[in-house]
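Reading through the structure tokens given below for one structure.
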Amino acid sequence: MKQAQFGFTSEGDLRSRLADIIRETPNYTQALFHILGDCWANEQIKAIRDVIKEYFPDSVVTGSASWGNMVDGKIQIGNIAICCTLFESPTAKLEVMTAPLQTGQAADEARRLVAAVNERPWVKGVEILLMNKGESVVEFCAEMSKLPQDIVVFGGESHFAHADDAPQYVVSDEGECIHWGVSFVLYGGDDLHLTTHLVRGWKPLGFEMKATKYTSNILQEVDGQPAHDLYYKYLHIENDDSFFNNVLEFPFLFSWEESTVLRMPVACLDDGSMVLAAAVPDNATMRI
């Protein structure tokens with residue numbers, strides 16, 4: 001397996017890079033491309049996909065909105081990044097499933113994915129790219145947990161809630177930007193080995209609290225007080241233009257039964273309510 005990542009600058013540069021990739025790895029058997037962008041670029045992304053298909057006709061294409069792509073160890077702001085993964089084993093197999101969503105449909109797509117995997121014994125791993133509009137993903141994850149235990153699951157969420165006009169989409173194999181949807185990439189191969197590691201990177205601070213007032217992903221009160229009061233009292237984080245950057249290191253940790261999730265505040269409203277990256281879990285305790 002080989003991988004190449006680069007920023008998109010022009011069609012000519014894209015063609016040159018794709019030609020170089022083919023020249024360096026002529027005996028590839030499967031090709032996977034991720035197109036990641038932080039701008040509204042529906043037509044541009046479709047054009048990039050079409051060029052990729054010229055050079056790699058049988059390739060699988062997916063991607064999503066992504067803020068601050070890493071290319072050559074540096075953050076590329078205001079750019080489109082392309083990641084190419086080439087498989088060299090003759091048994092390697094890839095498939096992508098992308099679907100638009102409506103309110104409450106994420107769990108339905110997870111059920112469809114589980115059924116598809118059960119019909120494809122070659123699948124060893126599933127990558128998820130989910131465009132979520134503040135809905136709870138608890139039911140979605142519960143359905144995903146019905147996958148066979150030997151299937152490795154990984155991925156992330158395309159999310160730009162800290163700016164109402166920021167791009168939010170997943171990319172289909174046809175190069176269409178679906179502004180509310182989910183994309184699953186199925187990985188397989190006789191000699192493909194996958195492993196995942198949960199790296200949370202945070203330690204809980206302070207005592208347990210309860211979300212006493214919230215609506216979907218809008219956290220209004222914690223222990224009966226405006227949510228922002230908590231950040232100001234203990235961390236002296238103001239409700240100003242620097243709020244998002246200042247809270248990046250201090251997400252909420254929600255716990256219930258045997259589950260835990262991190263929820264990042266991505267914006268703070270005038271009344272002290274916080275916009276979280278996804279819905280507040282019901283009946284959960286929380287800590288910074």
Side-chain angles (χ1 to χ4, degrees), residues 34-37 42 45 60-67 95-120 123 125-149 151-164 166-187 196 198 211 214-219 251-267 274-284 286:
H34 287 78
I35 304 174
L36 306 167
N42 188 41
I45 287 175
V60 169
V61 177
T62 187
S64 72
S66 177
W67 185 59
E95 185 178 344
V96 64
M97 298 171 56
T98 306
L101 296 175
Q102 298 295 330
T103 301
Q105 286 187 346
D108 294 336
E109 290 304 320
R111 282 188 283 270
R112 188 171 73 91
L113 181 276
V114 172
V117 169
N118 289 334
E119 295 173 355
R120 295 162 171 78
V123 176
V126 177
E127 176 185 0
I128 305 168
L129 292 174
L130 175 66
M131 173 59 248
N132 178 35
K133 290 191 175 182
E135 288 194 7
S136 171
V137 294
V138 173
E139 187 180 354
F140 174 84
C141 292
E143 293 298 328
M144 291 295 297
S145 70
K146 297 176 182 178
L147 285 166
Q149 291 300 305
I151 302 295
V152 175
V153 180
F154 61 99
E157 183 174 305
S158 165
H159 197 76
F160 269 80
H162 64 278
D164 292 337
Q168 303 179 66
Y169 56 82
V170 294
V171 179
S172 73
D173 193 51
E174 291 74 33
E176 295 292 337
C177 291
I178 301 174
H179 299 305
W180 188 3
V182 62
S183 182
F184 301 106
V185 182
L186 312 184
Y187 294 77
T196 59
L198 174 62
Y214 58 90
T215 303
S216 185
N217 67 320
I218 307 298
L219 176 61
F252 285 118
L253 175 67
F254 288 93
S255 303
W256 74 100
E257 297 177 357
E258 296 181 357
S259 301
T260 60
V261 294
L262 289 168
R263 289 284 185 267
M264 173 61 65
V266 294
M274 291 187 182
V275 182
L276 306 187
V280 176
D282 291 326
N283 302 314
M286 55 186 289

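Computed from a predicted model, the values in this text were never measured in an experiment. In what follows, every heavy atom counts, from backbone to side chain, and hydrogens, waters and symmetry copies are set aside.
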### Query
Taking all non-hydrogen atoms of both residues, which atom of R263 and which atom of A279 are closest, and how far apart?
NE-O, 2.9 Å

### Query
Under a 4.5 Å cut-off applied to non-hydrogen side-chain atoms, are L129 and T98 in contact?
no

### Summary
Tightest non-hydrogen contact, residues G37 and Y169, listed as O-OH, 3.3 Å

## Note on the structure
Interatomic distance, NE2@H34 vs OG@S183, rounded to 0.5 Å, equals 7.5 Å

### Residue pair N283 / Y214: nearest heavy atoms and the distance that separates them
N-OH, 4.3 Å

### Approximate separation, where rounding is to 0.5 Å, of L36 CG and I45 CD1
8.5 Å

## Note on the structure
The reported gap from CD in E143 to CD in E109 (rounded to nearest 0.5 angstrom) is 11.5 Å

### Query
Should V96 and V61 count as side-chain neighbours, where that means a heavy-atom distance under 4.5 Å?
no

#### Entry: Side chains of R112 and M97 in contact at under 4.5 Å (non-hydrogen atoms)
yes

#### Entry: For the student: nearest non-hydrogen atoms of R120 and L186, plus distance
CD-CD1, 3.9 Å

## Note on the structure
Correct closest heavy-atom pair for P251 and P265 would be CA-CD, 4.1 Å

### Message
Less than 4.5 Å apart, side chain to side chain, heavy atoms only: is that true for I128 and F140?
### Response
yes

### Task
Given side chain to side chain contact (heavy atoms under 4.5 Å, CB included), test T103 with W180 step by step and report yes or no.
CA-CA 10 Å; T103 301; W180 188 3; 3.5 Å; yes

#### Entry: Spatial distance of atom CZ (F184) from atom CE (M144) [nearest 0.5 Å]
5.0 Å

### Query
Short question: side chain of N217, backbone of V275 - any donor-acceptor pair under 3.5 Å?
no

### Query
Are any non-hydrogen side-chain atoms of T260 and L253 less than 4.5 angstrom apart?
yes

### Query
What distance separates I35 CD1 from S66 OG, expressed to the nearest 0.5 Å?
12.5 Å

### Summary
Residues passing the side-chain hydrogen bond (donor to acceptor under 3.5 Å, both in side chains) test with S64, sequence neighbours excluded, are none

### Query
Atom CE in M264, atom CG in L276: separation rounded to 0.5 Å?
10.0 Å

### Message
Could you check whether any side-chain heavy atom of V280 comes within less than 4.5 Å of a side-chain heavy atom of M286, counting everything from C-beta outward?
### Response
no

